[in-house]
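Sequence positions, counted from 1, serve as the residue numbers for this chain. These values consider heavy atoms only, across backbone and side chains, with no hydrogens, waters or symmetry-generated copies.
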Amino acid sequence: MKKILFFIVVSAAAINLNAQVSLAATAGTTTGTYTTLKSAFDAINAGTHQGAINISITANTTETATAALNASGGTVSYTSVLIKPAIGVTASISGSVDNLALIKISGNNVTIDGSNSVAGTTRNLTLTNTSTTAPQVLTVIGATAATAVSNFTVKNTNIINGVNTSSAFVMTNGAATPAGGYFNNTTIQNNSIQKAYIGLYIFAAVAVGNGSGTLVKDNSLDVSGANANRLVGVYLQGVDGGSVQNNTIGNFESLNAEIKRGVWFATGTVNSSITGNTITNLNFTGTETTVSAGVTGISISSGNTGAVAAANVMVSNNTISNFTSVGTSPLFAGVYLGGLTSGVTIDKNKINTIKNTNTGGYGSQGMYLATTSTAANTLIANNIISGISSNGYAASGGVNDNGNGIVMVSGAGYKIYYNTVAMNVNQTVAGRPSAFNVTTGITAAGAIDLRNNIFVNSQTQAGDRYTIYSSAANTVFSNINYNDYFSSGTNLGFIGSARISLADIQTGFGGNVNSINVLPVFVSATDFHLASSGNNTLDNKGTPVTEVTVDADGNARNATTPDLGAYEFTATVLAVQDIAKKKINYYPNPVVDFVTINDVNKIKTVEVYNAVGQRVIVENANSEKASIDMRQVPAGVYILKVNSEKESQSIKIIKR
């Protein structure tokens with residue numbers, strides 16, 4: 001008898017050791033152990049376990065078919081389901097499931113939490129569909145409005161697809177040809193999504209409130225190498241009320257000549273936002289002729305067929321950088337706005353280092369604004385755009401040929417306020433790059449309100465280097481004033497013909513009576529805050545606009561005399577008595593070799609800054625007279641900061 005009891009105990013212990021899934025429920029059969037997640041789900045679907053259900057993953061599982069959890073109702077009776085690794089356990093749920101998902105969820109109040117500690121944020125659970133035949137890792141299915149999925153969460157989990165020709169996470173109606181599904185209060189947070197064609201594919205049916213509460217936050221979609229994602233990071237369609245925030249997206253594979261997008265708000269996505277994301281290393285090698293089908297960090301093409309006519313989309317505080325292309329595509333941009341889309345705000349974004357090296361003359365753009373709405377009600381404010389360049393092509397100023405900071409392609413109803421655009425990376429050959437470019441596609445009278453911007457072109461390659469270029473008539477501007485235009489080239493702008501001076505800008509474009517032609521001194525070549533010294537002529541030169549009350553840092557704009565560009569700043573101003581004593585002179589200007597500076601006070605040092613704010617020379621003087629060897633630097637415009645015993649003064653020098 002003792003031997004029999006011993007055998008039973010040992011057998012039970014062996015079964016528990018081999019059980020990778022432990023389940024606890026508040027109703028029905030309250031406990032259970034299983035070797036796969038599918039087995040646990042099958043038991044729930046059969047009504048064995050009910051109420052609030054906790055599924056603990058105690059070891060790796062190998063799934064032989066989709067682990068499908070049905071919606072609660074009838075035999076199936078649960079109030080919530082939590083899937084989580086056991087305390088201290090790092091585990092995987094994997095399997096090779098062709099043409100289907102590894103895990104399918106059709107019910108409410110389901111959470112997959114991959115952290116192995118209470119309220120933890122570590123990623124200790126990995127979901128992998130190892131199939132190479134149209135695999136998916138995780139699908140959420142809301143087939144109809146009556147069966148909408150509510151309160152689904154996946155967090156702290158590694159989600160890895162078997163091949164990058166299909167999507168890893170999918171939300172649809174579950175049809176063989178997927179259409180918009182029904183769901184709300186979905187949270188996708190702090191996951192690593194890898195080896196997917198589209199990392200997160202979220203497709204909602206267009207209906208008021210459908211998709212509301214969709215939160216995609218703090219996820220990593222930037223793994224490189226064999227597990228790199230391929231085409232799109234985050235895709236939302238038809239969602240009314242989504243938020244994509246603080247994700248890291250990029251390093252997509254570049255072997256396939258395809259159009260890459262970091263975040264894409266497609267048809268019908270409304271009342272939604274894209275904020276705080278970092279999008280890097282989206283590269284293009286292929287051929288594409290469709291203007292709207294190019295590589296973009298953020299693409300907005302909501303149109304007017306969503307739950308509301310106006311998109312009401314916010315794109316804010318994103319960093320988009322380091323795109324390179326050798327391909328042939330007219331669109332290669334940090335941010336793209338297209339379709340019959342209105343009601344979009346794009347502000348406080350940093351866009352830099354977008355370069356197209358194709359020698360055939362293909363463009364790159366910081367922003368490409370091409371909505372077809374003539375009442376777009378689109379606000380572009382407080383953005384910082386730099387380092388946009390192409391190979392260069394001088395035959396025209398077309399956007400397909402050169403680097404351009406902000407490009408206006410079609411539509412009307414644009415408000416362009418307080419942006420800083422610095423064209424500070426050279427093109428390979430002569431061309432016609434510009435900080436701001438308006439194409440012939442803009443035709444409506446008063447389509448653009450352009451105020452309080454800093455447009456700088458400090459490139460040094462041969463050819464034209466414009467701050468503003470317009471192929472459209474000047475009637476497209478409802479307002480054009482209070483801007484700073486500065487170019488290191490011969491001409492400031494172009495409209496009908498090249499415009500050399502600020503007076504020529506005023507004549508050609510109209511308006512601009514309060515605009516200026518001043519070289520800003522930035523904090524550095526990568527920090528486009530205005531330095532407190534050397535910018536007195538830029539201080540308080542803007543005009544208040546009701547739509548923008550803070551700057552790119554969130555600091556309040558001056559209510560009466562705001563500053564130009566993305567950042568408010570405070571200039572260092574000399575006291576009245578110091579101004580009276582100010583006795584500095586310098587010669588020659590322009591200079592070929594040496595510039596001489598005299599001051600009544602002893603000059604301690606002279607610092608020389610180039611047009612992008614880099615310090616290129618420091619000369620110790622310790623005398624009332626200093627001589628600076630400008631042969632050390634190429635031709636261009638420079639700011640000399642003269643530091644005496646009592647003050648610092650800035651002067652502008654042109655080196656021939």
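- Between I351 atom CD1 and F323 atom CZ the span is 9.0 Å, to the nearest 0.5 Å.
- Residues Y485 and N512 bring a donor and an acceptor atom of their side chains to less than 3.5 Å of each other.
- Not a single side-chain hydrogen bond (donor to acceptor under 3.5 Å, both in side chains) links S272 to another residue, sequence neighbours left out.
- Using modelled atom types, one finds no donor on one side chain facing an acceptor on the other under 3.5 Å when comparing T507 with D504.
- Q461 contributes no side-chain N or O that, together with a main-chain N or O of V429, makes up a donor-acceptor pair within less than 3.5 Å.
- Checked by atom type, the side-chain pair S390/S364 shows a donor-acceptor distance below 3.5 Å.
- With a 4.5 Å cut-off on side-chain heavy atoms, V591 and I654 do not count as touching.
- When all heavy atoms of R557 and G565 are compared, the pair lying nearest together is NH2-O, 2.8 Å.
- For the pair F486 and S458, the minimum side-chain heavy-atom distance is 4.5 Å or more.
- If you check the side chains of N558 and T560, you find a donor sitting under 3.5 Å from an acceptor.
- Under the 3.5 Å distance criterion, with hydrogens and angles disregarded, no donor-acceptor pair is assigned to the side chains of N391 and Q427.
- Here the rule is side-chain contact (heavy atoms from CB on, under 4.5 Å) with I385, and of T420, I406, N419 only I406 fits it.
- Side-chain atoms of N404 come within 3.5 Å of backbone N or O of N402 as a donor-acceptor pair.
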Side chain to side chain contact (heavy atoms under 4.5 Å, CB included) assessment of N610 paired with V633:
CA-CA 9 Å; N610 64 16; V633 295; over 6 Å; no
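- Under a 3.5 Å cut-off, the side chain of N481 and the backbone N or O of N514 do form a donor-acceptor pair.
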If you apply the rule side chain to side chain contact (heavy atoms under 4.5 Å, CB included), what do you find for D539 with D563, and how did you get there?
CA-CA 6 Å; D539 198 17; D563 293 317; 3.2 Å; yes
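- Residues V616 and Y609 are not in side-chain contact: their nearest non-hydrogen atoms beyond the backbone lie 4.5 Å or more apart.
- Looking at every heavy atom in both residues, G489 comes nearest to R465 through CA-NH2, 3.3 Å.
- No donor-acceptor pair closer than 3.5 Å links the side chain of S302 to the backbone N or O of V270.
- In this view, N281 and N251 satisfy the side-chain hydrogen bond (donor to acceptor under 3.5 Å, both in side chains) rule, not counting sequence neighbours.
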After noting the C-alpha distance and the side-chain angles of M367 and N383, does the key distance pass the side chain to side chain contact (heavy atoms under 4.5 Å, CB included) rule?
CA-CA 10 Å; M367 289 189 192; N383 299 286; 3.3 Å; yes
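- With contacts defined as side-chain heavy-atom distances shorter than 4.5 Å, the pair S373/T341 does not qualify.
- Taking NZ from K604 and OG from S644, the interatomic distance works out to 9.0 Å, rounded to the nearest 0.5 Å.
- Under a 3.5 Å cut-off, the side chain of D551 and the backbone N or O of E568 do form a donor-acceptor pair.
- Using modelled atom types and a 3.5 Å distance limit, the side chains of N382 and D347 yield no donor-acceptor pair.
- Looking only at atom types and distance, the side chain of N424 has no donor-acceptor partner in the side chain of S386 under 3.5 Å away.
- A cation-pi arrangement is not found for R499 relative to F509, the charged atom failing to lie both closer than 6.0 Å to the ring centre and inside a 45° cone about the ring normal.
- You'll find the side chain of M423 reaches within 4.5 Å of the side chain of I388, heavy atoms only.
- Proximity of a side-chain donor or acceptor of T378 to a complementary backbone N or O of A376 within less than 3.5 Å is detected.
- Between I468 atom CD1 and I495 atom CD1 the span is 7.5 Å, to the nearest 0.5 Å.
- At a threshold of 4.5 Å between non-hydrogen side-chain atoms, the residues I274 and M314 do not count as touching.
- When all heavy atoms are compared, the tightest approach of N277 to N247 is OD1-N, 2.8 Å.
- Panel note: side chain N312, backbone A310; no donor-acceptor pair is recorded below 3.5 Å.
- No donor-acceptor pair under 3.5 Å is formed between the side chain of S488 and the backbone N or O of T460.
- Annotation for N483 and L564: closest pair C-CD1, 4.2 Å, computed over non-hydrogen atoms.
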Would you sort out whether T324 and N283 count as a side-chain hydrogen bond (donor to acceptor under 3.5 Å, both in side chains), showing the intermediate values?
CA-CA 5 Å; T324 59; N283 305 321; 2.9 Å; yes
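- In terms of heavy atoms, I249 sits closest to G233 at CG2-CA, 4.2 Å.
- Looking at heavy atoms from C-beta onward, I380 lies in side-chain contact with L369 at the 4.5 angstrom threshold.
- Side-chain contact check for K355 and S389: at least one donor-acceptor pair (N or O, by modelled atom type) lies under 3.5 Å.
- The CD1 atom of I653 sits 5.5 Å away from atom CG of L640, with the distance rounded to the nearest 0.5 Å.
- The aromatic rings of F522 and F528 lie perpendicular to each other, with more than 60° between the two planes, well past the 30° mark.
- The distance from the CZ atom of R261 to the OG atom of S299 is 5.0 Å, given to the nearest 0.5 Å.
- A donor-acceptor pair shorter than 3.5 Å cannot be found between the side chains of R451 and T543.
- In summary, the side chains of S524 and D527 do not present any donor paired with an acceptor at a separation below 3.5 Å, with no hydrogens or angles considered.
- For the pair T439 (side chain) and M408 (backbone), a donor-acceptor distance under 3.5 Å is present.
- Within the 3.5 Å criterion, the main-chain N or O of Y466 finds no donor-acceptor partner in the side chain of D464.
- One finds the OG atom of S470 at 7.0 Å from the CD1 atom of I448 (value rounded to the nearest 0.5 Å).
- The side-chain heavy atoms of I597 and I628, taken from C-beta on, include a pair separated by under 4.5 Å.
- With sequence neighbours excluded, the residues that form a ring-ring contact (aromatic ring centres under 6.0 Å, His included) with Y235 are Y201, W264.
- For the residue pair L236 and V234, the shortest heavy atom distance occurs at CD1-CG1, 3.6 Å.
- F494 and Y469 have parallel rings, their planes meeting at less than 30° on a 0 to 90° scale where 60° marks the start of perpendicular.
- Checked options D449, T371, L450; the residue passing with Y414 is T371 (criterion: side-chain contact (heavy atoms from CB on, under 4.5 Å)).
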Kindly determine whether T345 and V315 satisfy side chain to side chain contact (heavy atoms under 4.5 Å, CB included), including the steps that lead there.
CA-CA 6 Å; T345 296; V315 179; over 6 Å; no
